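Just below is one structure, and these are the notes that go with it.
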Amino acid sequence: MNPLSRLWRSTRARLITSFLAVALLVGLVSLFTGGQLLYKSVLSEASNRVRLDLNAAKEIYDERTASILLALEITGLEDDFRRLLEGADREVFIAWLRIVAQKAGLDFLGVADNQGRVLARIGPGPPGKSMAGNQLLAMAIKQNKPMAGTILMDQSSLAAEDPALARRALIKEVQTPMAGAAKSLPGGTGLVLAAASPLIDNQGRHLVIYGGVLVNRDYSIVDTVGRTVFRNEVFKDRNIGSATIFLDDTRISTTVLDAKGQRAIGTRASQAVSEAVLDRGQKWSDRAFVVNAWYITAYEPIVDIGGQRVGMLYVGVLEDKYTSLWWQTAFVFTITTLACMACAVLMGAYLAGRIIKPVNQLISASRHVSKGDFSPDIGPMARSDLGVLQSSFQEMLLALRDREKAQQEESEKRLLQSEKQAIVGRLAAGVAHEINNPLTGVLTFTHLLLRRDDLAPEVRGDLETIASQTERVRKIVKGLLDFSRQTKLEAQPTDFNPFVASTVKLLHNQAMLKGIELSFDPREEFPVMNLDHSQMQGVLVNMIINALDATEPGGKVTVVTRPGDPGLHDGRKGVVIDVVDTGHGIAPENIDKLFDPFFTTKEVGKGTGLGLAVSQGVVARHGGTIKVKSTSSKGSTFTIWLPEDIRSEGYDW
């Protein structure tokens, strides 16, 4: 093996390579994640600014509308207005109105009677014509109060005020990418900020002074937004901020420039913006391509005095400025990350040398353990976290030694128990068969003798004693036979809870006679299981009788069915039967002897010591287990676990 190959196979080289790979991975992930978060943060900041800028632009728009109404109300209160209005020289009055309009920045100004007929106006249009097409004027007359807002005026209404306004309102739509279908507004419709204020002249006539500004190709509002909100800031020869007023989805006043450097009048908003703002009345904020550059934009609908959405107000911030800021910050972030990666690799090379020695010792120790040596040398304890690893390794070795010893003792115990039970089982079978036939004869002839009428009382009493004691021996023999023989299961589908309930019911009368409360508590429904009815019922009866015998009058015996924990039985699903009593409990020294044949704590003559041993055999042949927990003077719990997929198990005594 050449030196380069040996170097690569060394743990030190692999550790250094791992440090480098981790540092590179972390660095790249950090760069990507940090870049994305930084980009989103920059865009979020820009979006927040644009939304605030839109609010400022809306204030400027509304303030301009309010200023028109204020100018009209002040004009209506001036003495010169009332004097000239009632004077005979109409031209002087109109000239005075033109001065007022010029100072207030109004495109049209006039006075009408309460029928909407114009008495005087600053434009060349003739007086006397009805202004029924002016929606705001009509509402002010009807409600007899000052009103201001946005209205639409058609070509005839604009021409009545001034033909020049009608011409200015004519805007040719420019084909715009991503725009929707053309709208059906009449050509030359004007978006107007207007106001009207009712008054009563000195002659008691009800009049209305009205005026307004045509927004089409009027740039005062959008330029004010540029100066006030964006301060005309420039980035790469472009204004950072832009503002636009739309009539429907068409730009009629804007600071956005087209490719020729002219205001992009006639261009249209995208279909997505138009549908959100005009159709659904929502505010819209996102990055968008506006005419010839990407902007972070915000839109909101313009609503006329009738509540109809007639246009949009827009502000946008040039995305290039924020993109440039992002690149600058990302560059600094990248340099910092690369420097940290380099430091991480150098530190990794240093730490690899410190780590590798105790690691090699642990590797050597693990090889000894795999060969059965549980006392290998792992070297001196390190002062770093590897010391914890070495300590844990030693604890693991101790646990392995203890577990191996415990497993060996358990195996020996099981083997001894199995051999003992096998011997007892064979002995019990032989004894039971040899004794059973003589017992049957004794019992039969005893009962025959008891039928005689000529027996003396003392003889009859002796014979009855012989019969009862022989019957007891017969029961013991039957227990021996049950214990010794390997009865195969005769399983059949069984609805589990009803089966347990019916078994508990068999012993209710016996419990009542003893003054003990016997109850059944099913915790859950279970699927149909295969059980040997007779044998399992015998097990349950034996368990419940034992519980009743161990419980004083006034106590309780409860039979509970519940799901078993698969984790305790190699992942197998099963059901549990708990037989819980409140009796005197079982002494700790007797717990391990309960299932031994012929062991009993009952008085002589009341138990054979075979019931639990037989029950354990039946449950084992069903593939289950029996366990017991007991506390002296508080009661005991016998727990039977049965698998849901019961299959007959061999059980070698």
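Keep in mind that what you see is a predicted model, and the values were worked out from it rather than measured.
Closest approach of L69 to S197, counting heavy atoms only: CD1-CB, 4.4 Å. Across all non-hydrogen atoms, the minimal contact from Q155 to A166 is NE2-O, 2.8 Å. Taking every heavy atom of both residues into account, R64 and S67 meet most closely at O-OG, 2.6 Å. For the pair A101 and I122, the tightest heavy-atom approach, listed with the atom from each and the gap, is CB-CD1, 3.7 Å. The shortest non-hydrogen separation linking G281 to P301 is O-CG, 4.1 Å. Residues G149 and L136 come closest through the heavy atom pair N-CD1, 3.6 Å.
Between D223 and R227 there is no salt bridge, since no side-chain N of the basic residue sits under 4.0 Å from a carboxylate O of the acidic one. Note on R562 versus E524: no salt bridge recorded, every NZ/NE/NH1/NH2 to OD/OE distance being 4.0 Å or above. The pair E300-K283 meets the salt-bridge criterion, with a side-chain N (NZ, NE, NH1 or NH2) lying under 4.0 Å from an Asp/Glu carboxylate O.
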Next on the checklist: As a quick check of understanding, evaluate side-chain contact (heavy atoms from CB on, under 4.5 Å) for V315 and V229, giving each step before the final call.
Outcome noted: CA-CA 10 Å; V315 293; V229 178; over 6 Å; no

Item to check | Step-by-step side chain to side chain donor-acceptor pair (under 3.5 Å) determination, S157 to D154 | outcome: CA-CA 5 Å; S157 299; D154 57 20; 2.9 Å; yes

Next on the checklist: For V317 and F230: C-alpha separation, side-chain torsions, deciding distance, then whether side-chain contact (heavy atoms from CB on, under 4.5 Å) applies.
Outcome noted: CA-CA 9 Å; V317 179; F230 301 114; 3.9 Å; yes

Next on the checklist: Between I252 and I265, does the side-chain contact (heavy atoms from CB on, under 4.5 Å) criterion hold? Intermediate values first, please.
Outcome noted: CA-CA 6 Å; I252 59 173; I265 299 298; 5.7 Å; no

Item to check | Derivation and outcome, side-chain contact (heavy atoms from CB on, under 4.5 Å), residues F108 and V213 | outcome: CA-CA 7 Å; F108 61 89; V213 174; over 6 Å; no

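For Q143, the CD atom sits in a packed shell: over 12 heavy atoms of surrounding residues, nucleotides or ligands are nearer than 6.0 Å. The environment of CD in E86 is crowded: more than 12 heavy-atom neighbours from other residues, nucleotides or ligands sit within 6.0 Å. Enclosure of atom CD in Q102 is not indicated, since only 12 or fewer non-hydrogen atoms of other residues, nucleotides or ligands lie within 6.0 angstrom. Environment of CD in E525: sparse, with no more than 12 heavy atoms of neighbouring residues, nucleotides or ligands closer than 6.0 Å. Remark: D79 CG is loosely packed, at most 12 non-hydrogen atoms of other residues, nucleotides or ligands lying under 6.0 Å away.
Residues P566 and R572 fail the side-chain proximity criterion, which asks for heavy atoms closer than 4.5 Å. V118 places none of its side-chain heavy atoms less than 4.5 Å from the side chain of V111. Between I296 and L318 the shortest side-chain heavy-atom distance does not fall below 4.5 Å. Between D248 and M312 the shortest side-chain heavy-atom distance does not fall below 4.5 Å. Put simply, the side chain of L106 reaches to within 4.5 Å of the side chain of L72, judged on heavy atoms. W96 has its side chain out of reach of E91: every pair of non-hydrogen atoms, C-beta onward, lies at least 4.5 Å apart. Side-chain contact between V192 and V215 is absent, with no heavy-atom pair separated by less than 4.5 Å. In this structure, the side chains of T254 and V222 stay at 4.5 Å or more apart for every pair of heavy atoms.
Here the two rings, on F93 and F81, have centers that are under 6.0 Å apart.
At least one donor-acceptor pair closer than 3.5 Å links the side chain of D113 to the backbone N or O of G116. Between the S274 side chain and the S270 main chain, no donor and acceptor come within less than 3.5 Å of each other. No donor-acceptor pair under 3.5 Å is formed between the side chain of T244 and the backbone N or O of R251. A donor-acceptor contact shorter than 3.5 Å is absent between the side chain of T297 and the backbone of A288. Under the 3.5 Å distance criterion, the side-chain polar atoms of S220 are left unmatched by any main-chain donor or acceptor of D218. One N or O on the side chain of R168 and one on the backbone of L214 form a donor-acceptor pair closer than 3.5 Å.
For the atom pair CG of L247 and CD1 of I302, the computed distance is 9.0 Å after rounding to the nearest 0.5 Å. To the nearest 0.5 Å, the span separating OG1 on T75 from CG on L70 amounts to 9.0 Å. Atom CD in E78 sits 13.0 Å away from atom CG in L85 (nearest 0.5 Å). Note that OG1 of T250 is 10.0 Å distant from CG of N216, once rounded to the nearest 0.5 Å. With rounding to the nearest 0.5 angstrom, the OH atom of Y314 is 6.0 Å from the OH atom of Y295. Here the CD-CD1 distance, from E173 to I171, works out to 9.5 Å after rounding to the nearest 0.5 Å.
By the 30° and 60° cut-offs, the orientation of the rings of Y299 relative to F246 is tilted.
Under the side chain to side chain donor-acceptor pair (under 3.5 Å) criterion, T150 pairs with Y61, not counting sequence neighbours. Under the salt bridge (charged side-chain N to carboxylate O under 4.0 Å, His left out) criterion, D80 pairs with R83, sequence neighbours left out.
For the pair R263 and Y219, the distance from NZ or CZ to the six-membered ring centre is under 6.0 Å and the angle to the ring normal is within 45 degrees.
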